[in-house]
Asks: 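This structure is in structure tokens; I'll ask about it shortly.
All residue numbers in this chain count up from 1 along the given sequence. Just follow the structure's listing: the first ligand is 1, and inside any ligand the first atom is 1. Because the structure is predicted, anything quoted here is derived from the model rather than measured.
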Amino acid sequence: MKRDYDIVVIGGGHAGAEAAWAAARLGASVALVSMDPHKIGQMSCNPAIGGLAKGQMVREVDALGGLMGLAIDNAGIQFRMLNRSKGPAVWGPRAQADKYKYAVEVQRILATAQNLEVIPGEVADIETEPSGSAAGPSVRAVKLADGTRITCRCAIVTTGTFLRGLMHTGESQTEGGRVGEAAAKGLSGCLEKMGLEMGRLKTGTPPRLKRESIDFTRFELQPGDEKPMPFSYLNEYGDFSWVPPLRQVCCWLGATNEAIHAIIRRNLHRAPMYSGQIASTGPRYCPSIEDKVVRFAEKLSHQIFLEPEGLDTDEIYCNGISTSLPRDVQDEIIRLVPGLEKAEVLRYGYAVEYDMVWPTQIRCTLETKRVAGLFLAGQINGTSGYEEAAAQGLVAGVNAAKYAAGQHVDFILRRDQAYIGVLVDDLVTKPPTEPYRMFTSRAEHRLHLRNDNADARLTELGRSIGLVDDDRWARFNARKEEIARGLAALVGQKVDGIAAADWLRRSETNWTLLSETCPALSPIDPDVGRQIEIRIKYEGYIHRQDRQIERSAQMEGKLIPHSVDYAKVVGLRNEAKQKFAKFTPHSLGQALRISGITPADVSVLAIHLDRRER
Ligand SMILES: Cc1cc2nc3c(=O)[nH]c(=O)nc-3n(C[C@H](O)[C@H](O)[C@H](O)COP(=O)(O)OP(=O)(O)OC[C@H]3O[C@@H](n4cnc5c(N)ncnc54)[C@H](O)[C@@H]3O)c2cc1C
């Protein structure tokens with residue numbers, strides 16, 4: 001085994017896989033150290049990728065040359081475009097995964113990367129050395145629990161729910177990062193010793209049931225889309241001609257009822273969240289069934305989606321009833337769901353508490369402010385979800401590769417460029433008080449950040465960094481040219497006596513109807529047609545948003561050097577001095593987004609920066 005790498009990625013979850021893939025593709029030598037290499041890419045909870053806003057992020061990761069979109073396209077067993085009845089800004093692609101095949105796909109893709117080695121083991125310590133500058137110490141090596149020492153220039157910590165992980169089911173508590181896997185104990189202490197402030201959060205998962213023990217006739221069928229849309233732009237060619245490689249399946253919809261809610265209320269004192277056994281905060285937007293019953297007491301039922309965990313497995317995931325109630329209570333709850341009277345529980349639901357690092361201590365590159373070459377990505381930064389983790393993994397992987405190559409150019413996405421930009425900006429300006437998950441409502445430019453145009457927003461950038469290979473680049477350009485051809489073909493076409501573009505602006509029209517009416521447009525690829533339709537239909541709104549983006553560009557483009565001493569900024573309020581020193585904003589635009597900061601504070605800072613430059 002080699003003992004020296006540019007980058008060591010610690011943890012092979014969704015953040016770690018994407019970080020390792022991005023860094024290796026940029027030419028860095030990478031070691032991906034994970035406790036169990038067979039579990040690389042494992043889905044800890046819901047066997048699905050994407051959804052509202054999350055699906056857009058997967059498309060962005062893909063447009064930048066990431067691996068998540070490719071993996072889910074090959075492992076998806078049901079594809080659905082969510083929110084299709086609403087505007088295209090909020091459409092969210094989602095796919096149910098064969099979770100075993102998904103992990104295998106991630107591992108297969110990683111195996112194709114050159115200069116990437118997977119090393120089994122637990123990282124227990126990260127060594128640093130004085131960097132000789134005011135920047136503080138820098139990473140020198142990582143140490144595994146078995147004593148192996150690996151030297152490196154960067155470490156990317158992507159340890160998910162494993163740092164001092166503690167699982168709860170009712171009164172029972174077990175150490176572990178997720179069921180059947182040990183917790184990582186050493187690393188938290190090491191991060192604390194470096195001076196990083198740690199927090200503790202929790203998340204939970206529902207029970208899994210045995211397929212044969214369920215009476216599915218009592219549930220409503222939930223089929224996937226008739227014409228599945230792939231996540232990866234590499235598969236999105238000729239749009240509706242793509243066929244998922246795996247057999248497609250249905251899910252089922254059922255519901256809880258008042259009898260179940262009564263049992264939950266009667267047993268709340270045995271729920272770790274309510275008995276005081278868990279003190280940390282869980283995701284408000286992904287609540288446990290006991291949380292739902294308490295918080296939405298007026299609701300008489302909550303949905304339960306039964307989702308297969310794969311094609312060759314018996315396990316059915318009960319989406320909607322995440323719980324850490326004791327096993328006997330879980331049994332009672334399940335038996336009272338119509339269709340689950342005889343259901344056999346293969347695995348009980350549980351909650352897991354874990355250590356995280358408050359993300360005010362990282363820059364937008366995801367490098368820690370305290371230790372040069374130390375990057376954090378994924379759940380450790382207080383987020384929740386595979387897609388949020390993958391997005392951060394890509395950002396950390398690129399920045400670490402640049403750092404290791406001695407290129408001091410930061411890879412930072414803006415809020416108007418990508419949901420990934422929104423995610424990172426939110427993390428560094430508003431420390432999460434609960435596990436952070438992405439929503440379309442978090443993005444002020446969501447009409448711009450659509451799932452259909454992620455390539456137009458990001459692929460050129462990915463190419464300039466070196467992440468986008470020739471194949472992806474050729475496809476991107478072909479699609480761009482076809483859009484231009486389609487727009488040109490539209491000129492001069494008329495429907496019902498009016499220009500085709502004006503006709504397409506009407507709410508009741510669409511590209512399919514138009515191309516049926518105008519034979520000259522029928523050769524245009526339907527996917528390209530959809531792009532053109534969106535551009536034309538929403539032109540006015542998109543222009544308005546473009547103008548907003550232009551207005552804020554000046555503030556976003558005014559970068560703040562790391563070396564600014566806020567204590568010396570004349571005329572700045574003390575609170576603003578403290579906040580700026582803590583958050584070290586990347587730009588004036590970002591400074592304005594820090595809570596408690598006023599436009600007047602930012603003006604004072606802008607004057608200071610101008611004077612400093614002069
Ligand atoms: C019980 C449970 C319930 C969840 N519920 C939800 C939910 O409802 N909604 C949601 O969006 N998300 C949920 N998640 C979270 C989701 O799984 C994570 O957000 C996502 O997997 C985070 O990705 P990650 O890459 O940061 O970490 P993970 O996917 O957790 O991967 C971490 C990896 O790091 C490895 N590792 C850890 N420490 C070390 C070390 N010291 N040395 C070497 N390797 C190490 C682990 O072996 C693992 O491979 C849940 C997770 C769990 C465990």
Asks: Within the 4.0 Å heavy-atom shell around T203, which atoms of ligand 1 are there?
Replies: 2 (C), 3 (C), 4 (C), 5 (N), 6 (C), 7 (C), 13 (C), 50 (C), 51 (C), 52 (C)
Asks: Would T158 count as a contact residue for ligand 1, given that I'm defining contact as a non-hydrogen atom of the residue lying under 4.0 Å from a ligand atom?
Replies: yes
Asks: Looking only at heavy atoms, which two atoms of T158 and G11 are closest? And how far apart?
Replies: OG1-O, 2.9 Å
Asks: State if H14 counts as touching ligand 1 under the rule of any non-hydrogen atom under 4.0 Å.
Replies: yes
Asks: Taking 4.0 angstrom as the limit and counting only heavy atoms of V33, give me the atoms of ligand 1 inside it, by number and element.
Replies: 43 (C), 44 (N)
Asks: Is the backbone N or O of R327 less than 3.5 Å from a side-chain atom of Q330, with the two atoms forming a donor-acceptor pair by type?
Replies: no
Asks: If you count the non-hydrogen atoms of other residues, nucleotides and ligands that lie under 6.0 Å from NZ in K39, is the total more than 12?
Replies: yes
Asks: Given side chain to side chain contact (heavy atoms under 4.5 Å, CB included), test L163 with M356 step by step and report yes or no.
Replies: CA-CA 8 Å; L163 293 190; M356 46 76 73; over 6 Å; no
Asks: Using a 4.0 Å heavy-atom threshold (strictly under), name the region of M438 that reaches ligand 1: side chain, backbone, both or neither.
Replies: neither
Asks: Provide, to 0.1 Å, the distance between atom 49 (O) of ligand 1 and the closest protein heavy atom, together with that atom's residue and name.
Replies: S34 OG, 3.3 Å
Asks: With a heavy-atom distance limit of 4.0 Å, tell me whether A389 approaches ligand 1 through its side chain, its backbone, both, or neither.
Replies: side chain
Asks: If you take the nearest heavy atom of each of V9, L376, T159, which one is closest to atom 38 (N) of ligand 1?
Replies: T159
Asks: Is D426 salt-bridged to R415, going by a charged N under 4.0 Å from an acidic O?
Replies: yes
Asks: How far is atom 30 (O) of ligand 1 from its nearest protein heavy atom, and which residue and atom is that?
Replies: G160 CA, 3.3 Å
Asks: Are any of the N/O atoms in T383 less than 3.5 Å from those in ligand 1?
Replies: no
Asks: So, R270 and E332, do they make that salt bridge, N to O below 4.0 Å?
Replies: no
Asks: Are R437 and ligand 1 in contact, using a heavy-atom cut-off of under 4.0 Å?
Replies: no
Asks: At a 4.0 Å threshold, what atoms of ligand 1 neighbour a non-hydrogen atom of G12?
Replies: 33 (C), 34 (O), 49 (O)
Asks: Below 3.5 Å, N or O to N or O, backbone or side chain included: is there any such pair between Q379 and ligand 1?
Replies: yes
Asks: For M438 and A53, work out which heavy atoms get closest and say how close.
Replies: CG-CB, 3.7 Å
Asks: Which of the numbered atoms in ligand 1 are below 4.0 angstrom from a heavy atom of K54?
Replies: 11 (O)
Asks: Between R347 and E315, does any side-chain N to carboxylate O distance fall below 4.0 Å?
Replies: yes
Asks: Could you tell me whether A15 and ligand 1 have an N or O pair separated by under 3.5 Å?
Replies: yes
Asks: So if I count the atoms of ligand 1 from 1 in the order they appear, which ones are less than 4.0 Å from some heavy atom of G378?
Replies: 26 (O)
Asks: I'd like to check the side-chain contact (heavy atoms from CB on, under 4.5 Å) partners of S275; sequence neighbours left out, ordered by chain and number.
Replies: Q277
Asks: For ligand 1, does A184 get within less than 4.0 Å through its side chain, its backbone, both, or neither, judged by non-hydrogen atoms?
Replies: side chain
Asks: Where does the angle between the aromatic ring planes of F375 and Y403 fall among parallel (under 30°), tilted (30 to 60°) and perpendicular (over 60°)?
Replies: perpendicular
Asks: With a cut-off of 4.0 Å, which atoms of ligand 1 are near a heavy atom of R178?
Replies: 53 (C)
Asks: Under 4.0 Å from a heavy atom of Y350: which atoms of ligand 1 are those, numbered in the order shown and with their elements?
Replies: 1 (C)
Asks: Return the option from S384, A182, G13 holding the heavy atom at the smallest distance from atom 33 (C) of ligand 1.
Replies: G13
Asks: Give every residue pair that meets the salt bridge (Lys or Arg N to Asp or Glu O under 4.0 Å) criterion with at least one member in residues 374-387, sequence neighbours excluded.
Replies: K54-E387
Asks: For T323 and S288, indicate whether the former's side chain and the latter's backbone hold a donor-acceptor pair under 3.5 Å.
Replies: no
Asks: Is there any N or O on V123 that sits under 3.5 Å from an N or O of ligand 1?
Replies: yes
Asks: On a heavy-atom basis, which atom in A75 and which in K101 lie closest, and how many Å separate them?
Replies: CB-C, 3.9 Å
Asks: Heavy atom to atom 17 (O) of ligand 1, shortest distance: which of S44, A19, G165 holds it?
Replies: S44
Asks: Is it true that M356 lies under 4.0 Å from ligand 1, counting heavy atoms only?
Replies: no
Asks: Considering only the protein, which heavy-atom contact is closest to atom 8 (O) of ligand 1, and what is its distance?
Replies: C286 SG, 3.3 Å
Asks: Within a radius of less than 6.0 Å around NZ of K430, do more than 12 heavy atoms belonging to other residues, nucleotides or ligands occur?
Replies: yes
Asks: Is R84 salt-bridged to D225, going by a charged N under 4.0 Å from an acidic O?
Replies: yes
Asks: Of G11, G393, G385, S322, which has the heavy atom at the shortest distance from atom 34 (O) of ligand 1?
Replies: G11
Asks: Looking only at heavy atoms of G121, does any of them come nearer than 4.0 Å to an atom of ligand 1?
Replies: yes
